[in-house]
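Below: one structure, written as structure tokens.
None of the values given here were measured: they were computed from a predicted structure. Naming convention: chains lettered A, B, ... in sequence-line order (proteins, then strands); numbering from 1 in each chain.
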Protein chains: 2
Amino acid sequence: MSAGRPLNNWQAVHEEVLRRIHTREWRPGQIIPGEADLAGEFGCARTTVNRALRALADAGWLDRRRKAGTRVALNPMQKATLAIPVARHEIEARGQRYGYRLLERRMSPPPPELGERLDLRPETDMLHAEAVHLADDTPHLFEDRWINVEAVPDVLDAPLATMSANEWLVINASLTRGDISFGAVNATEREARILGAKPGEALFTVERTTFERTRPITWVRLVFAPGYRMHTRI
Amino acid sequence: MSAGRPLNNWQAVHEEVLRRIHTREWRPGQIIPGEADLAGEFGCARTTVNRALRALADAGWLDRRRKAGTRVALNPMQKATLAIPVARHEIEARGQRYGYRLLERRMSPPPPELGERLDLRPETDMLHAEAVHLADDTPHLFEDRWINVEAVPDVLDAPLATMSANEWLVINASLTRGDISFGAVNATEREARILGAKPGEALFTVERTTFERTRPITWVRLVFAPGYRMHTRI
DNA sequence: CAGTGGTCTAGACCACCAG
DNA sequence: TGGTGGTCTAGACCACTGC
């Protein structure tokens, strides 16, 4: 069934396969022809078909299993690649002026819950930094950060007044793993004051714990100004 | 510099390169050797190196540009692949019993804001369905959905009392694009009653608009029970 | 303009696992 | 156990883009 002009690049194959899925020529759950067959039909090497189908599987449109073959995914909308907001970039991308103010910086024992979660010895002091990120002088994001100084002692000399802890850590620490979670909190009195919100107002939060191997480096909670939404597309 | 045993599969190359990034042998912003060099060092084909480096670039660890070469990314934590929660799977994965109750189902003109956002003609009725998803009989998620019946007329015959609209649409409609956003809202009186929350309590929400080509099929807002967080890892 | 990554090909071998 | 996807190779050509 070698039809029209050969599809001799993987993007073209990708596009054609996606078209067949979208037009329901190939329906959810249905098995599609094997790589060799498609290569024959499209007039290209099997490697090229493989590249295209692998991309579609990564994106969630196909389910592939050896021997079982390739099927159209039942629910393509359950995978998304998300751009984790980096305050400076997000603000500058909107054409606004980025600002940063350090509100607090001091050594302190972490809240017990955090100490346990990071599996630190009790009574270990951490560096606690609080800051607010501004868009055209309007508060955008409140950052509440705890840093494990035993893991990155140099951070005590970091110029946190002018440079966000994140920027310093990215350059100076070895970050191998991150656990990230998203949720909602009611603004505390203090958060409300800092972010220009009403106390109790619902705020979007991101929490991230960053590790070097298994050693915790830092825990941070980002609390966004009211109305903030994080977007993605499939 | 062809050292020990050859790394003749892309996962091994992937691992070795990631190791050099993690140990800061190759530092953020630094340029790394070209594919040909690495292939020589590792004792494998350039294609294999390419596969590994491409995966690392997709994951955000490397930045690659023709002619400019490959550099260690400055901020590897800004990309994450997210598993969009599907209520049934999420609940069953926790070993709980999944339940579903349809609360409302009727034709109605959409709120003006929604009608505009979907670019529908004024006075177009939509199918409005509200449902709650239960985990062991405890409310987990409130679903507020509007469906464009002009795009999927058959949905009027869908057994929404026993099957969630999402499951029906995935099978019966052509979904080519989705816009997704995450945020926080204060529970309304009604949401609080349904979800077992206090009025005003901060709740995590996901909103998704789904399209066939450019035609809107459905808009849905998921409001999660208090304390819910969505997780991912890098 | 030249060096880098991006890709295609043809052939081959292999791991996996559904039937 | 045989068919399917997963991968490697060697060689080649090309597109992009920094210098």
Side-chain angles (χ1 to χ4, degrees), chain A residues 1-18 20-21 26 28-74 76 79, chain B residues 1-18 20-21 26 28-74 76 79:
Chain A
M1 206 60 100
S2 58
R5 213 182 279 95
L7 306 181
N8 55 351
N9 60 69
W10 75 267
Q11 288 96 332
V13 174
H14 183 281
E15 195 180 340
E16 171 62 14
V17 171
L18 199 50
R20 294 186 187 182
I21 295 172
W26 291 339
Q30 186 182 332
I31 196 164
I32 76 171
E35 295 187 347
D37 294 335
L38 290 176
E41 177 187 345
F42 295 145
C44 65
R46 180 165 82 89
T47 315
T48 305
V49 174
N50 180 280
R51 178 83 159 85
L53 296 189
R54 185 157 37 82
L56 286 164
D58 285 346
W61 290 105
L62 294 175
D63 287 328
R64 319 193 72 196
R65 266 149 61 208
R66 283 170 150 119
K67 170 67 179 181
T70 299
R71 294 172 179 281
V72 179
L74 284 175
K79 264 192 207 172
Chain B
M1 236 358 144
S2 59
R5 211 182 282 96
L7 305 182
N8 56 350
N9 60 72
W10 76 267
Q11 290 94 334
V13 174
H14 184 280
E15 196 181 339
E16 171 61 14
V17 171
L18 199 49
R20 295 185 186 182
I21 296 171
W26 291 340
Q30 185 182 333
I31 196 164
I32 75 172
E35 295 187 347
D37 294 335
L38 290 176
E41 177 187 346
F42 294 146
C44 65
R46 180 164 82 91
T47 316
T48 305
V49 174
N50 180 278
R51 178 81 160 85
L53 296 190
R54 183 156 38 80
L56 286 165
D58 286 345
W61 290 106
L62 294 176
D63 287 329
R64 320 192 71 195
R65 268 150 60 211
R66 284 171 149 121
K67 169 71 179 179
T70 299
R71 294 173 179 279
V72 179
L74 284 177
K79 265 191 205 173

Residue list, side chain to side chain donor-acceptor pair (under 3.5 Å) with B:E16, at least two apart or on another chain =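 Applying side chain to side chain donor-acceptor pair (under 3.5 Å) to B:E16 gives B:R19, B:R20.
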
Got a sec, which residues hit ring-ring contact (aromatic ring centres under 6.0 Å, His included) with B:W61, two or more places apart in sequence or on another chain?
->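 Partners of B:W61 under the ring-ring contact (aromatic ring centres under 6.0 Å, His included) test: B:H22.
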
Side chain to side chain contact (heavy atoms under 4.5 Å, CB included) with B:N9: which residues, sequence neighbours excluded?
->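 Per chain and number, B:N9 pairs via side chain to side chain contact (heavy atoms under 4.5 Å, CB included) with B:Q11, B:A12.
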
What pairs with B:P28 under side chain to side chain contact (heavy atoms under 4.5 Å, CB included), at least two apart in sequence or on another chain?
->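 B:P28 satisfies side chain to side chain contact (heavy atoms under 4.5 Å, CB included) with B:R24, B:L74 once adjacent residues are dropped.
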
Which pair of heavy atoms, one from B:W10 and one from B:A55, lies closest together, and at what distance?
->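 B:W10 and B:A55 have their closest heavy atoms at CZ3-CB, 4.0 Å.
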
Taking all atoms of both residues into account, what is the closest heavy-atom pair of B:I21 and B:L62, and its distance?
->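 It is CD1-CD2, 3.9 Å.
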
Given axes from five pairs at either end, by how many degrees does the helix from C:dC1-D:dG18 to C:dA18-D:dT1 bend, rounded to 10°?
->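 Here the local axes at opposite ends form an angle of 20°.
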
Which pairs, with at least one residue in residues 46-68 of chain A and sequence neighbours excluded, count as a salt bridge (Lys or Arg N to Asp or Glu O under 4.0 Å)?
->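 Passing the test, one end in residues 46-68 of chain A: A:E35-A:R46, A:E35-A:R64.
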
Give the B/S/- string for nucleotides 3-11 of chain D, one per nucleotide from 5' to 3', where a protein heavy atom under 4.0 Å of the base yields B, of only the sugar-phosphate yields S, and otherwise -.
-> BBBBBSBB-

Expressed in angstrom and rounded to an integer, what is the separation of A:R71 atom CZ from C:dC17 atom C1'?
->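 The distance from CZ of A:R71 to C1' of C:dC17 comes to 14 Å, rounded to the nearest Å.
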
Whole-Å distance separating the CG atom of B:D58 from the P atom of C:dG5 =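 It works out to 15 Å between those atoms.
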
Determine whether more than 12 heavy atoms belonging to other residues, nucleotides or ligands lie under 6.0 Å from atom CD of B:Q30.
->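 It does: B:Q30 CD has more than 12 such atoms within range.
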
